[in-house]
Amino acid sequence: MKQEIEQLLSAAVTRLTGTLLPTPPAAGTIVVERTRDSANGDFASNVAMRLAKGAGLPPRTLAQAIVDALPASPQVLRCEVAGAGFINFYLAGDAQAQVVRQVHELGDAFGRNASGAERKVIVEFVSSNPTGPLHVGHGRHGAFGASVANLLAANGWLVHREYYINDAGRQMDILAASIWLRYLEACGERFTFPANGYKGDYIRDIAANLLQRDGDTLQRPEGELFGNLPPDEPEGGDKDEYIDALIVRARSLIGEAGFRTVLDLGLAAILADIEQDLGEFGVTFDRWYSERSLADNGAIDRALHKLAQHDHVYEKDGALWFRATAFGDDKDRVVVRDNGVKTYFASDIAYHLDKRERGFDLLLDILGSDHHGYVARVRAGLDAMGEPGSSLEALLVQFVTLYRGGEKAQMSTRSGEFITLRELRNEVGNDACRFFYVMRGNDQHLDFDLELAKSRSNDNPVYYIQYAHARVASVLRQLESRGLAFDGAQGLDNLALLTTSHEAAVLTALDRYPEIIRLAADNRAPHALVHYLRELANSFHTYYNAEQFIVDDAALRNARLALVLAVRQVIRNGLTLLGVSAPDTM
RNA sequence: GCGCCCGUAGCUCAGACGGAUAGAGCAUCGGCCUUCUAAGCCGAGGGUCGCAGGUUCGAUUCCUGCCGGGCGCGCCA
């Protein structure tokens, strides 16, 4: 409806161009918005105020001229000039009701549009280090990323969802060493576990699987392992030095192949756990992309070569530096350390180059807010390699603070460690989780109250929306039990009977849905959809309390049922984009 | 010190492109179940939109400077 009014205005302004208006208006000048107060009509435009100065006319005079030039439309009852020069549109009585017909015709597709124009976008999110289970912060990334990806797809983007596996580097070595040490413990060796090792119970589980699969083939006496090592932190040493020395020792004792066996087993186990966890959460990926593969297939060398070709690298202090400052970054960045090891940043730019080479127009990275410094670097890298840095868009997700009735509760009461996503899901349920995670904008800190998310009361917004959906289903059950059936044709033919103020409110809410889908995708703002769904549910609940749907008058009954079925459809469409279920009973 | 984000009702937050009387939930207070699910509805109170300037016909929104909070500024990943 909003679009149609914009078209009317555009036609009127075009008609005046050359006479009252010296030049055609710039794109984006003709804007129509919904009025906040129905006393000002249903829609309003400020176009006359924006064009008045250029035309050398008082805003109200120009506004009246535009109104006079508007083409006639069956949708618009009348329009008038108001205030400082607003043009207010009053819709014809049955114009709004046509949205019900649209919803019935389009079904699941209602609200989708083609604004993305089949551009290719890669959404990279979660990408947690595969060194342990996901915790509550990763859950927000998963829920947010999945919802943004769904919204983009609903707007006609070709969406690819990807998880970048940080399976190279020192953290992986520490993981492997930790597993091997727990394996030795399981073999009966006794020693003090390193301060910097991974201490979670899942490490013991993986070690137990290793023992079961490979027997004691990797066992070595602890004396050989710990002899002549630097002191660990509790002994006054440096925990990083200690664990690095331990890793070197482990490699020499069980060989590179043996070490790799342990590492791969651990990596596979943890990734399987993460994939299952996210899968149960309704978060899935088209590809799990291995960082290690970038080194193995030469992609990093190719990226570095590309930088060197364009003369954007130099040597200093034995290391190879990328001249990032030439591309707007704060400082130059090391890509190859003086010990010959390539930095994490080197694989990052290689990865992003690879994304471009795979043909993605938009690279959407969903990152923790603590990674904001990283964006300028990677953009600089892309520019230096001849790819537009502007194709990278980073969405920074702020931290999650868990509360349990008002008290901070970051730690699990059972294990004393960070609460995992799985624990959270088990406690509050997937629906409430997905919903609470996207209730706030990504750049807003999120207070996640466990008690509120669990409460099955009117405090809980997710149930409020689901309840509206279930109520419609309940109405249909009631209809059937009275021996009646919904006559869709009759309902859609009698939409003009939907005249109460409550029906008008529901119709307006339904009509807004396509606008919200567009807005939420353009702004990468799933929370806009959350707020909308609450308002739609509110208009429905109010209607439900005010009017009976199952009335004796068949024409009115079917018109009302057509309306509430449209509400059910739109709620279902919206919740689906958020990864939340739409139950028929509660 | 530099950079990014945030500051709106007692609390948690919406307010895209500058527009008409700044909204919602929770909390507080008062009403509504012999009628399709009360996980619901209706009503009331509650605000110098952090502060100070600037641009504009018009600023919560844009710009500048302060104040307060979070995060980041490695040859870590």
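No experiment lies behind these values; they were computed from the predicted model shown. Each chain gets a letter, A, B and so on, in the order its sequence line appears, and its residues count up from 1.
Contacts of A/E315 with the nucleic acid, taken as non-hydrogen atoms under 4.0 Å apart, are absent. Across all strands, A/K342 comes closer than 4.0 Å to no nucleic acid atom at all (heavy-atom distances). Residue contacts for A/A525: at a heavy-atom cut-off of 4.0 Å it reaches no nucleic acid atom on any strand shown. Using a 4.0 Å heavy-atom cutoff across all strands shown, A/Q548 reaches at least one base atom of the nucleic acid.
For residues 513-529 of chain A, every residue pair satisfying the salt bridge (Lys or Arg N to Asp or Glu O under 4.0 Å) rule, not counting sequence neighbours, is listed here: A/R34-A/E515, A/E393-A/R524, A/R518-A/D522.
Among the nucleotides B/rC36, B/rC41, B/rA20, the one closest to any side-chain atom of A/T35 is B/rA20. Side chain of A/R170, nearest nucleotide from B/rC76, B/rG40, B/rC42: B/rC76. Of all nucleotides listed (B/rC75, B/rC73, B/rA77), B/rC73 comes nearest to the side chain of A/K331.
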Query raised in the report: What is the per-nucleotide protein-contact pattern of nucleotides 4-14 of chain B, from the 5' end, where B denotes a base atom under 4.0 Å from a protein heavy atom, S denotes such proximity for sugar-phosphate atoms only, and - denotes neither?
Result: BSS-----BSS
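Stem analysis of RNA chain B (Watson-Crick or G-U pairs, both distances under 3.5 Å, runs of at least three) returns B:1-7 with B:67-73, B:10-13 with B:23-26, B:28-32 with B:40-44, B:50-54 with B:62-66.
Taking atom C1' on both B/rA59 and B/rG19, the two are 10 Å apart, rounded to the nearest angstrom.
A donor-acceptor pair shorter than 3.5 Å can be found between the side chains of A/Q478 and A/R482.
Under the rule for a salt bridge (Lys or Arg N to Asp or Glu O under 4.0 Å), the partners of A/E535 that lie at least two apart in sequence or sit in another chain are A/R512. A/A303 meets the side-chain contact (heavy atoms from CB on, under 4.5 Å) test with A/A350, A/L353, A/M385; sequence neighbours excluded. Residues passing the salt bridge (Lys or Arg N to Asp or Glu O under 4.0 Å) test with A/R560, sequence neighbours excluded: A/E503, A/E547. In this structure, the salt bridge (Lys or Arg N to Asp or Glu O under 4.0 Å) partners of A/E80, at least two apart in sequence or on a different chain, are A/R78. Listed by chain and residue number, nothing satisfies the side-chain hydrogen bond (donor to acceptor under 3.5 Å, both in side chains) test with A/T542 (two or more places apart in sequence, or in another chain). A/Y544 meets the side-chain hydrogen bond (donor to acceptor under 3.5 Å, both in side chains) test with no other residue; sequence neighbours excluded.
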Between the protein and nucleotides 54-63 of chain B, which nitrogen or oxygen pairs come in under 3.5 angstrom?
from   : atom 1 : to    : atom 2 : distance (Å)
B/rC57 : OP1    : A/K53 : NZ     : 3.2

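For the pair A/Y464 and B/rG40, the ring geometry does not qualify as stacking, because the centroid separation below 5.5 Å and plane angle under 30° are not jointly satisfied.
Listed here is the closest heavy atom pair of A/A468 and A/I571: CB-CD1, 3.7 Å.
Contacts between residues 332-340 of chain A and RNA chain B, defined by a heavy-atom separation under 4.0 Å, are made by A/V334, A/R337, A/D338. Within residues 374-381 of chain A, the residues having any heavy atom under 4.0 Å from RNA chain B are, by residue number, A/R377.
For the OP1/OP2 pair of B/rC42 and a distance below 4.0 Å, the side-chain nitrogens and oxygens of A/N545 include no atom meeting the criterion.
Remark: A/D301 engages A/K342 in a salt bridge, criterion side-chain N to carboxylate O under 4.0 Å.
Distance alone, capped at 3.5 Å, places no donor-acceptor pair between the A/E291 side chain and the A/Y164 backbone.
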